[in-house]
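Notes follow once the structure below has been shown.
Every chain is numbered from 1 and lettered A, B, ... according to where its sequence line falls, protein lines coming before strand lines.
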2 protein chains.
Amino acid sequence: MSEYRPPILTIDGIIFQLIDGQLCVLLLQRQNIPFKGQWALPGGYNPEGETTMQALTRVLRVKTGIDTKRLGLIEQLYTFDSVGRDPRGHAVSVSYMGLCYGLSPLGGKTTENPQFFPVSNLPKLAYDHPDIIKYAHERLRSKLAYTNAVFALLPSQFTFPQLQSAYEAVLGHELDKRNFRKRFTELDLIVPTGEFLREGAHRPAKLYCFKHQSLQSLPRNFD
Amino acid sequence: MSEYRPPILTIDGIIFQLIDGQLCVLLLQRQNIPFKGQWALPGGYNPEGETTMQALTRVLRVKTGIDTKRLGLIEQLYTFDSVGRDPRGHAVSVSYMGLCYGLSPLGGKTTENPQFFPVSNLPKLAYDHPDIIKYAHERLRSKLAYTNAVFALLPSQFTFPQLQSAYEAVLGHELDKRNFRKRFTELDLIVPTGEFLREGAHRPAKLYCFKHQSLQSLPRNFD
DNA sequence: ACAAAAGTGTTAAGAATACACCCATGT
DNA sequence: ACATGGGTGTATTCTTAACACTTTTGT
């Protein structure tokens, strides 16, 4: 087993965020071949001695200025390993899905122009990244349906309309306002903070916060 | 990037089968250090140029005599990558869950004594394999709840009591016979073959087969 | 005739869906 | 006073859950 040679190991991050009621994903513009100039998911090499999670943290920090601690939720998605997926050679990519809120401006001294794009309107993408994003969106949809994962897409205080609009953006269809409020209230996941959000010429909205900022599964599904 | 060194890449298979109404998992007894003599999931190295699925197929064939074509369903589970999980060095393992029926005797000229063990009564296991099996069982449970995955645990012809018992073995609790039959019948996944299974001093059971032997998700959940 | 597992329907409780008006604010 | 989005309840349909006896066979 001494002449054993492993494939290259890489990681990719699919970082979702809601912007203007739209589900968006973080992309950057490649500065090198292959796919120079094209948009791609943030990703990079995973060397020996580093876990995939550590590699992801490093890559996100260096290439996008995002600290993984600012992701409200992060979980391993899938490992993509088609031999031909990277033109440079056999590369196995462990992908992670992350959810965040309010990271739009993207500090960091990066050269790769990181930006969030609406998943409904993506630019031409490098590698098999369109498939990976589709897969991640699918996973996110079901995650939202049977867990409290929305918390990671919202600010610490939020209104019921914001909460509902987060669900609608991810699920891709509208929900009935009264039924949504009734069901979500019964789940007993959120409490009113006592404050209100005033914005515009209309009734202010009650602010709520989640009781727990950790993932838990729900007894019944949203869809 | 020329001095980049990847971790070792390995694959592991979690192969489930029902035996005597119990959910069982395939293990083999290690002949080499580390963990010499202990039971472990079938697994092995994934060299450059081979997909994880190809590596799994090769390893299962060589170590257990099982052809992956005889698995009714196989899907990627998770990638385990704690740096300390293999005492020989940093090894990242892509795991696959497989479901099969009737592979008990295990042909093949193997030296590692492959055997199926009930998940409720496992021997001492090497590595982090107890965690991996727990994770796989959890996934299987939810897979059975919202897809037609049972087909992969049953013979091509089966009775309603066998079908129900497969669910009970995986879910770990009993189901109401009449409700189960009603709901499963409504799903319209199976058709009577016209034959009967006679075994013992009681009424023979109608045999059914699945309309499709491919994974599809169900509108409503079993649990 | 008896033991053993297969097969079959109904009812009641709970969950999901559809639906329309009043409320609080800024201009 | 009016435009804007926030907030609220009920009736109907569908789904789930609980439950007991008859049928067919082998011995």
For nucleotides 12-17 of chain C, print each protein N/O atom paired with a nucleotide N/O atom at under 3.5 Å, atom names and distance only.
unit_1: C:dA16; atom_1: OP2; unit_2: A:R220; atom_2: NE; d: 3.3
unit_1: C:dT17; atom_1: O4; unit_2: A:K182; atom_2: NZ; d: 3.2

Between the protein and nucleotides 5-8 of chain C, are there any N/O to N/O pairs under 3.5 Å, and if so, what are the atom names and distances?
unit_1: C:dG7; atom_1: OP1; unit_2: B:K206; atom_2: N; d: 2.7
unit_1: C:dG7; atom_1: OP2; unit_2: B:R181; atom_2: NH1; d: 3.4
unit_1: C:dG7; atom_1: OP2; unit_2: B:R181; atom_2: NH2; d: 2.9
unit_1: C:dG7; atom_1: O5'; unit_2: B:R181; atom_2: NH2; d: 3.2
unit_1: C:dG7; atom_1: N7; unit_2: B:K177; atom_2: NZ; d: 2.8
unit_1: C:dG7; atom_1: O6; unit_2: B:K177; atom_2: NZ; d: 2.9

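Rounding to the nearest 0.5 Å gives a distance of 4.5 Å between OG1 of A:T147 and CG of A:L215. With rounding to the nearest 0.5 angstrom, the CG atom of B:L73 is 5.0 Å from the CG atom of B:L99.
Looking at B:Y208 and B:V191, their side chains never come closer than 4.5 Å, going by heavy atoms from C-beta outward. Looking only at side-chain heavy atoms (C-beta outward), A:V92 and A:F80 stay at 4.5 Å or farther from each other.
In this structure, B:L187 atom CG and D:dT15 atom P are separated by 12 Å, rounded to whole Å. The separation between A:F180 atom CZ and D:dG6 atom P is 13 Å, rounded to whole Å. With rounding to whole Å, B:H173 atom NE2 is found 10 Å from D:dA17 atom P. A:D176 has its CG atom 14 Å from the C1' atom of D:dT12, to the nearest Å. Between B:L197 atom CG and D:dT25 atom C1' there is a gap of 12 Å when expressed in whole angstrom units.
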Which is it for A:E138 and A:R141 under the salt bridge (Lys or Arg N to Asp or Glu O under 4.0 Å) test, yes or no, and what are the steps along the way?
-> CA-CA 5 Å; A:E138 194 48 55; A:R141 212 172 290 159; 3.1 Å; yes
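Side chain to side chain, A:D12 and A:S93 meet the donor-acceptor criterion of an N or O pair below 3.5 Å.
A:F222 has its ring centre no less than 6.0 Å from the ring centre of A:Y146.
Across B:M97 and B:A136, no two heavy atoms sit closer than the pair SD-O, 3.6 Å.
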